[in-house]
Protein chains: 2
Amino acid sequence: MSENEKMTEEKIFEAATIVFEEEGLSGARMQSIADRAGINKALLHYYFRTKDHLFEAVFTKLAKKMFMKFNPIFENNLSLEEKIRFFFKEHISFMQQNPKLPGFILNEINHNPQRIQKLIKNIEFKNLWLKILEQHKDELYKYNITEETLPQIMTTIASLSVFPFAAKGILEVIFENMGVDFDKFIELRKNFAADFVIKAITK
Amino acid sequence: MSENEKMTEEKIFEAATIVFEEEGLSGARMQSIADRAGINKALLHYYFRTKDHLFEAVFTKLAKKMFMKFNPIFENNLSLEEKIRFFFKEHISFMQQNPKLPGFILNEINHNPQRIQKLIKNIEFKNLWLKILEQHKDELYKYNITEETLPQIMTTIASLSVFPFAAKGILEVIFENMGVDFDKFIELRKNFAADFVIKAITK
DNA sequence: TATACTTTTGACCATTCGGTTAAACCTATT
DNA sequence: AATAGGTTTAACCGAATGGTCAAAAGTATA
């Protein structure tokens with residue numbers, strides 16, 4: 001039945017997500033995914049014809065899930081400062097529940113940059129400055145934000161949020177050595193990063 | 001001759017570095033490395049018995065090369081502000097010449113965290129705070145740096161420097177869309193990141 | 001030049017891996 | 001109960017992969 005079918009496809013998808021996140025495209029084994037889904041390997045190919053098909057499906061969904069989290073910033077009508085605080089809280093909370101996502105996505109894109117191209121080529125980054133300008137015209141004078149520094153500030157905000165997860169493997173070892181708990185560090189980071197950025201851009 | 005031997009081992013090592021950086025451990029093929037080095041595949045196993053041996057050699061050297069760049073900060077006797085400026089200039093310059101290194105190292109560590117453990121377990125991060133305290137006792141009052149915020153600030157500095165390279169694949173696409181040149185962005189980042197951090201931590 | 005030793009090679013091996021096939025199994029419809 | 005449809009499986013396949021081996025090629029020493 002279609003109910004059962006959804007179940008199986010879902011099982012496969014969830015298993016594939018875990019294995020791909022953990023091992024990467026080239027490191028993942030179809031057999032591991034089948035085992036984890038509790039099904040036969042041939043059934044994988046029945047639902048998703050090839051490994052690449054399956055990977056593409058998983059990757060696209062995860063990447064969208066990730067980039068979606070950046071959207072609300074340009075939608076709601078908070079102040080710039082509120083938006084920054086909102087972003088760090090939401091984005092870091094999301095990654096707390098998906099700690100392996102950032103490293104996985106960054107890595108796979110570096111291995112095959114064209115994969116992301118079709119995903120974000122539709123988004124009009126060109127209008128980004130105009131959009132921000134119209135929403136926050138008055139506030140921009142208060143902060144050191146110009147069309148020139150926008151890429152730097154955007155990247156900076158993304159860095160502060162994403163990097164700790166992308167570098168989790170290293171940080172955990174270093175922090176352990178310093179007697180710092182990674183999870184606690186992340187919890188504190190929501191406010192620290194927001195304060196840090198706001199302090200830095202305020203004239 | 002030993003001269004020739006060094007030549008061959010060197011050729012293998014360089015080829016392996018390129019292939020591993022590009023494809024990762026699981027994606028790299030011994031045949032590709034042999035081809036790139038212009039030698040027989042069996043010769044790889046003559047010099048480095050297994051793929052894992054070869055990878056370990058390459059990874060260890062690259063990881064050391066990377067982390068070495070953090071050292072001078074705790075050695076020279078510049079002021080805190082000078083150290084921050086010095087770090088961003090040196091570290092980003094280094095990565096400009098090795099743009100694939102950050103992503104490679106982060107990814108391989110996430111896949112196998114214990115790999116980094118033996119490399120940095122010798123470093124005494126516990127004394128880090130004491131070391132900084134003794135070198136910059138007076139300055140620390142000027143900045144918002146305490147033993148509690150140190151991990152956040154350290155991670156922040158690393159983020160601002162490393163992340164743009166770890167996310168190069170994405171940023172290049174986005175920047176292209178915005179009419180921004182990645183290399184120019186990186187060049188500007190050396191000063192932007194330093195200014196940003198100093199502004200943020202100055203009371 | 002003969003000998004001993006190291007380096008390099010081509011051919012080969014065992015295993016793993018993504019993918020296929022034909023048959024068995026289920027489930028709904030008649 | 002018989003039929004037809006999709007779903008699931010065990011067994012299998014060819015190619016790719018990491019690794020081995022014995023012989024060839026090179027080199028230094030006597």
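Chain letters run A, B, ... following the sequence lines, proteins first, then strands; residues in each count from 1. All values below were derived from every heavy atom in this structure, side-chain atoms included, with hydrogens, water molecules and symmetry-related copies excluded.
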Practice task
Measure from CD1 on A:Ile39 to P on D:dA10 and round the result to the nearest Å.
Solution key: 12 Å
Practice task
Check whether any side-chain N or O of A:Arg49 sits under 4.0 Å from OP1 or OP2 of C:dG19, and answer yes or no.
Solution key: no
Practice task
Indicate yes or no: at least one non-hydrogen side-chain atom of A:Phe88 is less than 4.5 angstrom from one of A:Arg189.
Solution key: no
Exercise for the section: Before accepting this row, confirm whether a basic side-chain N of the pair B:Arg29/B:Glu23 lies closer than 4.0 Å to the acidic partner's carboxylate O. Expected result: no
Fill in the blank from the handout: note: A:Phe55, atom CZ; C:dG18, atom C1'; distance rounded to Å ~ 16 Å
Exercise for the section: Considering just the side-chain nitrogens and oxygens of A:Tyr47, establish if one lies under 4.0 Å of OP1 or OP2 belonging to D:dT8. Expected result: yes
Practice task
Answer yes if the ring centres of B:Phe104 and B:Phe20 are under 6.0 angstrom apart, and no otherwise.
Solution key: no
Fill in the blank from the handout: Winner on side-chain proximity to A:Lys41, out of C:dG19, D:dG19, C:dT9, is C:dG19
Completion exercise
The bend of the helix from C:dT1-D:dA30 to C:dC25-D:dG6, taken between the axes of its five terminal pairs at each end and rounded to 10°, is 10°
Handout entry: Aromatic contact, A:His91 with A:Phe70 (centres under 6.0 Å)
Key = yes
Problem - Presence of salt bridge, B:Lys41 and B:Asp35, under 4.0 angstrom - result: no
Exercise for the section: Establish, yes or no, whether a centroid distance under 6.0 Å links the rings of B:Phe175 and B:Phe185. Expected result: yes
